[in-house]
Protein chains: 2
Amino acid sequence: MKFEAITIKHIAKALKLSVSTVSKAMRGSHEISEETKRNVLAYAREHNYKPNPIAQSLKRGRSKSIGVIVCNIDNNFFSQVINGIESIARQKDYNVIITQSQESYEREIANSEHLSSRSVDGLIISLSAETKNVDHFIKLHEKGLPMVFFDRVTDEIATHKVIANNYKGAYEATRHLLQQGFRRIAHITSSGSLSITLERLEGYKKALEDAGLEPDPDLIKFCPHGGMIPEETRQALNELLQLEQRPDAIFTASDRLSTTTLSLLRKMQIAVPQQIALVGFTNSISADIFHPSLTSVVQPAMEMGQLTTDLLIQLIESKRPVTDFKKRVLDTELKIRDSSLRTQ
Amino acid sequence: MKFEAITIKHIAKALKLSVSTVSKAMRGSHEISEETKRNVLAYAREHNYKPNPIAQSLKRGRSKSIGVIVCNIDNNFFSQVINGIESIARQKDYNVIITQSQESYEREIANSEHLSSRSVDGLIISLSAETKNVDHFIKLHEKGLPMVFFDRVTDEIATHKVIANNYKGAYEATRHLLQQGFRRIAHITSSGSLSITLERLEGYKKALEDAGLEPDPDLIKFCPHGGMIPEETRQALNELLQLEQRPDAIFTASDRLSTTTLSLLRKMQIAVPQQIALVGFTNSISADIFHPSLTSVVQPAMEMGQLTTDLLIQLIESKRPVTDFKKRVLDTELKIRDSSLRTQ
DNA sequence: TTTTTTTACGAAAACGTTTGCGGCGGGAAG
DNA sequence: CTTCCCGCCGCAAACGTTTTCGTAAAAAAA
């Protein structure tokens, strides 16, 4: 099954012109008479001519498409980011090719190779939880492939980055729990190799310290696979619950960890917030109908996607090599709901 | 900023061969000696040669990419479907280009034009709620562009379709409410022009009739924009609540409608299921931590995506025109949770 | 009128592949 | 000693563009 489109040749033949003339007319070149341009444009419009983007790509050496590597889209934070990416890309006539690493280092490498061999013009990346080594991206970056990181970024590559103010977001979340009177606040977080993990951890610790509390390593649990393996989260939670001094609140560091933790607590019949309070980083659109409604640190996901894409396209379209790289930090918002409120 | 890759020409020059020989060697042609093949393959591997997919596309007239049009990915049903699409596409070395209609007819048209002019080899489509007319797809289909519909399908185009058993899913959901003793069961659904809407509506009505109840038109509310406009859902719900005989249960027909309805009921302080019970079509991974946990009709979303993609690729790669089109119907699963349980 | 400039267009190469065909050399068959 | 065949490889065209360069004819300047 094939589907033949009209080409510049057909127009040339029909109008008794050369292909070059038609091409120039289509692009409004000054070396074509107004009359010819009108004729060509009219014919093109009438026959719904669209230049073949593949031929254009081959000629120009640019594909007008950008690749995206995220851990997974089945998650409100990332799907909102992608909404933002798409809106800008579309506006600037770029295609978006989305791939998912599922938090796997190997799949991240496979995706980056696939995308670059697919000749995307640039890459938007949020690292997988398993990733400890970014050589695969360094190699591509050295070859000149523009890339912008968001959310889970790396310091090893000099390029633009867009992140939320994770430190501040975590600080505020923890401070809120402290203000509510909780004292043994645990932290369930993602892989220790992720930038977001460290930043959020710092915010959490600082809030404790500012309240005169010493961060307790026993209360900090890492999930190396970012919660993609449910058992991982279950174990982290179990370890917390079996401490002699059980935590009275938990601060979870990502979307998936937050929902999984809430779900587990519910299954274990542990009342939230009466027995354990909960605050989580999440962009879930349903956080207000959770049981209990979940106090959340919300990231400006859509805006992050838009900003990231803007920066990437700037990079792609810049004539001269860019050396001035920005790290844009966007503020989060703490939405206080029931899961973190001190009862009685 | 450009990023030069190694081409067949470089290999040819290095090995003192012609480009055609290299090309044939790469593809294992029988008219090339084993030794030459070995040399070429070795050199290619060593220098990490990857054929330029754009040049291949131009030559072959196929782009090895498929376009997807869904209403929006910020929704567990669709993101799970896309997971399924991606897994098969990747496996068969196709790219996936995702676009969102946001339930808008105009954006759906714009997306279909954009994708087809981007020379995708085929289209995967779930219609927008606003769409009443599918001429834009008919035109593309007549030109020979392969397409497969899923979820929200149309009878006007003869091609493969993949849907859930909406009739049965709705029937079972309604019957479950009836078995729990509810009698005035309302139905909040999407646009009346959508296939899923009609099928679910039929299932709902049939269950009522089988229980000896007459479907009451006052209890059936349509949301022409599929719930993308929150006000729409609010109004539908308000109208139901203001009936002289208030419903004692609601059956919602889509992911977004379900979560929005639950959220509204909560804001209005209407106890679920005590005052009004709720069952909804939803693939939300968080349905079990909703307040109350939401009884859901779950669709096999991932499987639907996989099946759809399989069928599309069959269509794309088929030598002869396909005339035998299938409509695959997959069973849903009713997950009974708290929101539908009769209290006392 | 002759020369120069301008206008408007066409020819051809190039982007990186794939593929039909033609050719060269050597061994087998006549 | 010819003829034929076959294995192996290169030439060139093609996919649909863009772009450089060349060149007619018309217009302007001399």
Side-chain angles (χ1 to χ4, degrees), chain A residues 2-41 43-44 47-65 93 116-121 143-144, chain B residues 2-41 43-44 47-65 93 116-121 143-144:
Chain A
K2 274 290 291 312
F3 148 90
E4 313 284 346
I6 176 175
T7 76
I8 236 176
K9 284 189 184 176
H10 299 124
I11 304 188
K13 189 161 294 172
L15 266 49
K16 300 195 201 307
L17 291 169
S18 74
V19 283
S20 42
T21 304
V22 176
S23 172
K24 288 173 195 164
M26 291 294 309
R27 335 195 79 244
S29 162
H30 61 275
E31 40 175 317
I32 302 297
S33 73
E34 290 306 322
E35 190 191 342
T36 306
K37 283 190 207 170
R38 267 197 307 279
N39 289 337
V40 171
L41 268 319
Y43 190 94
H47 292 73
N48 192 30
Y49 167 77
K50 296 269 177 53
N52 181 325
I54 295 188
Q56 286 181 318
S57 295
L58 182 58
K59 187 72 195 129
R60 299 213 251 246
R62 300 202 303 132
S63 62
K64 276 273 186 177
S65 66
D93 199 30
S116 67
S117 84
R118 273 292 189 167
S119 47
V120 294
D121 294 339
K143 280 200 204 163
Chain B
K2 273 290 292 312
F3 150 91
E4 312 286 346
I6 176 175
T7 76
I8 236 176
K9 284 190 185 176
H10 299 124
I11 304 188
K13 190 161 293 173
L15 265 47
K16 299 197 203 308
L17 291 169
S18 74
V19 282
S20 43
T21 304
V22 176
S23 171
K24 288 171 189 165
M26 292 293 309
R27 334 197 80 244
S29 161
H30 60 277
E31 39 177 319
I32 303 296
S33 73
E34 289 306 320
E35 189 191 344
T36 307
K37 283 189 205 169
R38 268 198 307 279
N39 289 337
V40 171
L41 269 318
Y43 189 95
H47 291 75
N48 192 30
Y49 166 77
K50 297 268 177 56
N52 181 325
I54 295 188
Q56 287 181 319
S57 296
L58 182 59
K59 188 69 197 131
R60 300 213 252 246
R62 302 201 303 130
S63 62
K64 276 269 183 182
S65 66
D93 198 31
S116 66
S117 83
R118 273 293 189 166
S119 46
V120 294
D121 294 339
K143 280 200 204 165

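Each chain gets a letter, A, B and so on, in the order the sequences are listed, and its residues count up from 1. Since the model is a prediction, treat every value here as computed from it, not as a measurement. Below, all heavy atoms of this structure are taken into account, side chains as well, without hydrogens, waters or symmetry copies.
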Chemist: Measure the distance from NZ on B:Lys9 to C1' on C:dA14 and round it to the nearest whole Å.
Modeler: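 So the NZ-C1' distance, B:Lys9 to C:dA14, works out to 7 Å.
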Chemist: Considering just the side-chain nitrogens and oxygens of B:Gln56, establish if one lies under 4.0 Å of OP1 or OP2 belonging to C:dG16.
Modeler: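 No, B:Gln56 has no side-chain N/O under 4.0 Å of OP1/OP2 on C:dG16.
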Chemist: Rounded to the Å, how far apart are A:His30 NE2 and C:dC9 C1'?
Modeler: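 Computing the A:His30:NE2 to C:dC9:C1' distance gives 12 Å.
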Chemist: Is there a donor on the side chain of B:Glu31 or the base of D:dC8 sitting less than 3.5 Å from an acceptor on the other?
Modeler: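 It does not, because no donor-acceptor pair links the side chain of B:Glu31 to the base of D:dC8 below 3.5 Å.
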Chemist: Can you tell me which residue among A:Leu17, A:Val22, A:Leu41 is in a side chain to side chain contact (heavy atoms under 4.5 Å, CB included) with A:Thr36?
Modeler: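 Of the listed residues A:Leu17, A:Val22, A:Leu41, the side chain to side chain contact (heavy atoms under 4.5 Å, CB included) partner of A:Thr36 is A:Leu17.
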Chemist: Can you figure out which of D:dT19, D:dC8, C:dC9 approaches the side chain of A:Ser33 most closely?
Modeler: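 Nearest to the side-chain atoms of A:Ser33, counting from C-beta on, is C:dC9.
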Chemist: Starting at atom CG of B:Asn39, determine the distance to atom C1' of D:dC8, rounded to an integer number of angstrom.
Modeler: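 Atom-to-atom, B:Asn39 to D:dC8, this comes out as 14 Å.
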Chemist: To the nearest angstrom, how far is A:Ile11 atom CD1 from D:dG16 atom C1'?
Modeler: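 Roughly 12 Å, once rounded to whole Å.
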Chemist: Under a 4.0 Å N-O cut-off, is there an ion pair linking A:Glu35 with A:Arg38?
Modeler: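 Salt bridge: no.
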Chemist: Grab the CD1-P distance between A:Ile54 and C:dG16 for me, whole Å please.
Modeler: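 One finds 16 Å between P of C:dG16 and CD1 of A:Ile54, rounded.
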Chemist: Looking at every strand, decide which applies to A:Leu17 at a 4.0 Å heavy-atom threshold: base, sugar-phosphate, or nothing.
Modeler: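 Contact class for A:Leu17: sugar-phosphate only.
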Chemist: Tell me the interatomic distance from B:Lys16, atom NZ, to D:dG10, atom P, rounded to whole angstroms.
Modeler: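 Distance, rounded to whole Å: 12 Å.
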Chemist: Nearest 0.5 angstrom please: A:Ser117 OG to B:Asn48 CG, how far?
Modeler: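 Interatomic distance, A:Ser117 OG to B:Asn48 CG, rounded to 0.5 Å: 9.0 Å.
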Chemist: Using atom CE of A:Met26 as one end and atom P of D:dT19 as the other, report the distance to the nearest whole Å.
Modeler: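 Checked: the CE to P distance equals 14 Å.
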Chemist: Taking the nucleotide of DNA chain D with the closest heavy atom to each, which residue, B:Thr21 or A:Ser23, is nearer the 5' end?
Modeler: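 Upstream on the strand: B:Thr21.
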Chemist: Taking B:Ser29's backbone N and O only, do any of them form a donor-acceptor pair with B:Lys37's side chain (distance below 3.5 Å, no angle check)?
Modeler: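 A pair under 3.5 Å: yes.
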Chemist: OP1 or OP2 of C:dA11 sitting under 4.0 Å from any side-chain N/O of A:Ser20?
Modeler: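 No, outside the criterion.
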Chemist: Measure from the side-chain heavy atoms of B:Leu58 and tell me the nearest of C:dC21, C:dA11, D:dC15.
Modeler: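 Selected nucleotide: D:dC15.
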Chemist: So how far is it from B:Ser23 OG to B:Gln56 CD, rounded to the nearest 0.5 Å?
Modeler: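 Reported to 0.5 Å precision, the distance equals 8.5 Å.
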Chemist: Answer yes or no: does a side-chain N or O of B:Tyr49 lie under 4.0 Å from OP1 or OP2 of C:dT17?
Modeler: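 For B:Tyr49, the contact criterion (side-chain N or O under 4.0 Å from OP1 or OP2 of C:dT17) is met.
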Chemist: Please confirm whether any donor atom in the side chain of A:Lys24 sits under 3.5 Å from an acceptor in the base of D:dT20, or the reverse.
Modeler: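 Between D:dT20 and A:Lys24, which were checked side chain against base, a qualifying N/O pair under 3.5 Å is present.
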Chemist: Name the nucleic acid region contacted by A:Thr36, choosing base, sugar-phosphate or nothing; use a 4.0 angstrom heavy-atom cut-off, strictly under.
Modeler: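 Sugar-phosphate: the residue A:Thr36, judged by heavy atoms under 4.0 Å, touches backbone atoms but no base.
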Chemist: From NZ of A:Lys59 over to C1' of C:dG16, roughly how many Å is that when rounded to an integer?
Modeler: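 Distance, rounded to whole Å: 11 Å.
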Chemist: Hey, is the side chain of A:Arg27 poking within less than 4.0 Å of OP1 or OP2 on D:dT19, counting only N and O atoms?
Modeler: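 It does, given that an N or O in the side chain of A:Arg27 lies less than 4.0 Å from OP1 or OP2 of D:dT19.
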Chemist: Heavy atoms under 4.0 Å, any strand shown: does A:Thr7 hit a base, just sugar-phosphate, or nothing?
Modeler: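 Contact class for A:Thr7: sugar-phosphate only.
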